[in-house]
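Note that these values count all heavy atoms, side chains included, but never hydrogens, waters or copies made by symmetry. Residue numbers run from 1 in the order of the sequence given.
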Amino acid sequence: MGSLKNNESVKEPLNVLPPMGSPAPVDSNQTTLELLIQRLLPSYPRYRGNLPGSPSPAPPPLPPELLGSRLPPSAMELLAAALSATCALDQDGSAGQPGRNPPAASEDSPNAAEAPPPAHPMTTDSWRNLIEHIGLLYQEYRDKSTRQEIETRRLQDSQTDPEESSPSEETPPETEPASTPESKAAPQINLLRNSNSRFNLWQDLPEIRSSGILSILQPDEIKLQEAMFELVTSEASYCKSLNLLVSHFMENERLKKILHQSEAHILFSNVLDVKAVSERFLLDLERRVEENIVISDVCDIVYQHTVDHFSVYITYVSNQTYQERTYKQLLQDKPAFREVITQLELDPMCRGLSFSSFLILPFQRITRLKLLVQNILKKVEEKSERETTALEAHKELETVVKACNEGVRKMSRTEQMISIQKKLEFKIKSVPIISHSRWLLKQGELQQMNGPKTSRTLRTKKLFREIYLFLFNDLLVICRQIPGDKYQVFDSAPRGLLRVEELEDQGQSLANVFILRLLENADDREASYMLKASSQSEMKRWMISLAPNRRTKFVSFTSRLSDCPQIQCVHPYVAQQPDELSLELADVLNILDKTDDGWIFGERLHDQERGWFPSSIGEEILNPKIRAQNLKECFRVHKSDDSQRRKLGSRNRQ
């Protein structure tokens with residue numbers, strides 16, 4: 001037995017439980033030791049009964065004959081080692097591994113709550129066998145995982161009993177086989193139980209089953225273990241797909257001969273760098289899992305790799321606009337390219353997946369990785385070191401994801417602004433359109449009412465005439481379309497000086513009409529326009545875009561309600577207009593506004609992005625407990641951002 005004195009690592013794994021099926025030798029000192037462990041372990045964090053609402057049977061009392069008895073030094077050392085290794089991490093937050101430097105925890109973080117109980121290291125051969133036999137490509141894993149998440153949420157939402165519908169308990173689908181007594185408390189998570197998938201749950205690993213650890217860990221800790229295990233195994237699935245992209249497509253000799261060097265560079269970008277970063281990341285995750293079958297943490301590894309290596313994702317994703325354009329052009333202009341790609345896609349290794357699904361892998365992975373860390377963050381102990389590490393990892397991942405999104409937008413926005421500039425002819429004083437800090441929010445045709453207010457009758461020959469609006473993030477340009485696909489600008493105003501007002505109950509002729517006020521227009525005076533949209537949804541979309549801080553139907557933009565309507569995405573949606581929001585399966589959104597003709601204005605919880613989308617792509621979440629839990633988790637994930645905003649606001653007021 002290795003000693004824990006002087007911070008020395010334990011050379012042999014500690015196993016608090018006796019091996020299953022092997023009787024323990026009868027020994028008075030051993031009996032005393034076991035009773036002490038049984039009595040003391042429940043008082044430490046991460047054991048059943050330690051958290052409020054999780055009662056546990058009282059620990060067995062020590063027999064009178066053992067009270068005051070002394071243990072020999074060897075037994076005392078065993079007891080100290082077992083308790084120390086069970087309830088505490090070393091000073092740098094690791095489980096005996098030097099060189100790990102996660103972010104520092106807050107001063108009030110309870111150090112004792114950080115370590116799960118040890119069992120024994122997973123053998124390298126066992127873990128390698130698991131990784132190598134993951135049968136799912138990342139695209140398959142991602143699709144099945146999100147659909148499982150949708151089904152789980154549907155089941156939760158359908159429950160009406162207060163106890164059954166508690167948001168903190170995840171309920172497995174009815175189609176799942178009955179669990180064994182050993183795993184009765186284990187939660188359902190977003191991995192796959194299909195025997196043909198070769199994608200295992202942490203609690204189904206033979207080492208976990210045989211260790212008896214499931215009977216010791218609290219249900220919340222089991223959920224946390226599953227969340228961390230999903231991050232590791234999904235990275236292995238992602239690596240598998242990346243390897244296929246490189247070996248099957250990029251390095252194909254026929255494809256190399258067809259593609260010019262510049263075309264290949266645009267098409268595959270820095271995918272080799274992305275692949276190398278993923279392999280290095282997976283290697284460190286594998287080493288962590290091999291340390292102990294009960295995973296201590298993974299967010300510290302995520303944090304370090306995000307800071308040091310994940311910038312390669314920004315480079316790859318920023319090239320996406322040119323990548324898509326080049327791919328479409330090659331399919332159109334080079335029949336030989338189209339033929340080779342079709343043949344490669346038909347290979348059984350690709351599982352019927354398209355070449356483009358492989359090209360988009362890095363962007364999908366970096367966004368999914370952020371969600372996986374969010375899932376871990378929702379399950380770690382509050383005010384703990386693991387929460388601090390998860391928050392820091394999430395913050396760094398969010399920075400990378402935002403940089404990726406900004407990189408894609410910057411490429412397309414620059415081209416779009418140049419195109420718009422060429423179409424505009426100014427009847428008034430010219431306004432420079434192209435700017436690095438300007439982008440288009442919405443454009444489209446509306447009808448402007450002609451004549452004075454007294455002429456608003458159906459007998460007027462032409463009550464409205466067409467105008468065209470270009471709304472940028474900081475500027476509104478009002479035009480009339482002229483021949484030659486050109487637009488003549490006759491008014492403009494800064495976006496911050498716009499106000500809107502909806503007209504109600506004005507009759508059919510004035511349906512979907514609103515008033516747009518320019519507090520200071522191009523002539524430095526106030527101006528008003530009465531505008532008519534083609535539908536109720538179009539009117540509301542223009543009003544929210546023109547004046548984004550106005551109150552919506554369900555929530556004020558200046559306050560947060562404890563409960564508002566929510567919807568989960570069950571069909572993916574790709575935005576068609578700048579004011580729309582692209583949605584992925586299982587996205588959950590707050591509904592801020594909705595229209596009678598089938599459009600919703602929502603805020604996605606995981607990144608707080610807002611936009612419009614068709615109501616047909618989602619299902620409303622009806623259970624108020626589930627909605628409240630979703631909001632609570634959202635606030636917890638973004639609490640560091642909120643704290644930063646409050647500090648910034650306080651500094652600005654000063």
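- In this structure, Asp333 CG and Arg338 CZ are separated by 9.5 Å, a value rounded to the nearest 0.5 Å.
- With Glu263 contributing its side chain and His260 its backbone, the two residues share a donor-acceptor pair below 3.5 Å.
- How far CG of Asn512 is from NZ of Lys540: 10.5 Å, rounded to the nearest 0.5 Å.
- Taking the centre and axis of the six-membered ring of Tyr313, the NZ or CZ atom of Arg365 falls outside the cone set by 45° and 6.0 Å.
- Within 6.0 Å of NZ in Lys427 there are 12 or fewer heavy atoms belonging to other residues, nucleotides or ligands.
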Which donor-acceptor pairs under 3.5 Å do side chains of residues 357-364 form with protein atoms, sequence neighbours excluded?
from	atom 1	to	atom 2	distance (Å)
Ser357	OG	Gln139	NE2	3.2
Ser357	OG	Ser354	O	2.6

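- Side-chain atoms of Thr152 and Gln148 form a donor-acceptor pair, as typed in the model, at a separation below 3.5 Å.
- With 3.5 Å as the limit, one finds a donor-acceptor pair spanning the side chains of Asn630 and Gln566.
- Taking 4.0 Å as the cut-off between side-chain N and carboxylate O, Lys275 and Glu279 count as a salt-bridged pair.
- The pair Arg604-Glu584 does not count as a salt bridge, with every side-chain nitrogen at least 4.0 angstrom from each carboxylate oxygen.
- There is no side-chain donor-acceptor pair under 3.5 Å between Ser269 and Gln323.
- The aromatic rings of Tyr327 and Phe355 stand perpendicular to each other, their planes meeting at an angle above 60°, with 30° marking the opposite boundary.
- Here the straight-line distance linking atom CD1 of Ile150 with atom NE2 of His571 works out to 8.5 Å at 0.5 Å rounding.
- Listed by chain and number, the residues in a salt bridge (Lys or Arg N to Asp or Glu O under 4.0 Å) with Arg154 are Glu151, Glu619 (sequence neighbours excluded).
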- Message: Phe310 vs Phe281, test: ring pair (Phe, Tyr, Trp, His ring centres under 6.0 Å). Steps then yes/no.
- Response: CA-CA 10 Å; Phe310 282 5; Phe281 181 43; 5.5 Å; yes
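- Nearest heavy atoms, Cys299 versus Ala393: O-CB, 3.5 Å.
- Nearest heavy atoms, Asp284 versus His305: OD2-NE2, 2.7 Å.
- The aromatic rings of Phe470 and Tyr487 lie perpendicular to each other, with more than 60° between the two planes, well past the 30° mark.
- Both tests hold for Arg541 against Trp599: distance to the six-membered ring centre under 6.0 Å, angle to the ring axis within 45°.
- From Ser145, atom OG reaches atom CG of Leu136 across 10.0 Å, with rounding to the nearest 0.5 Å.
- Heavy atoms of other residues, nucleotides or ligands lying less than 6.0 angstrom from NZ of Lys486 number more than 12.
- Within the model, atoms CG of Asn319 and NE2 of His265 stand 7.0 Å from one another, a figure rounded to the nearest 0.5 Å.
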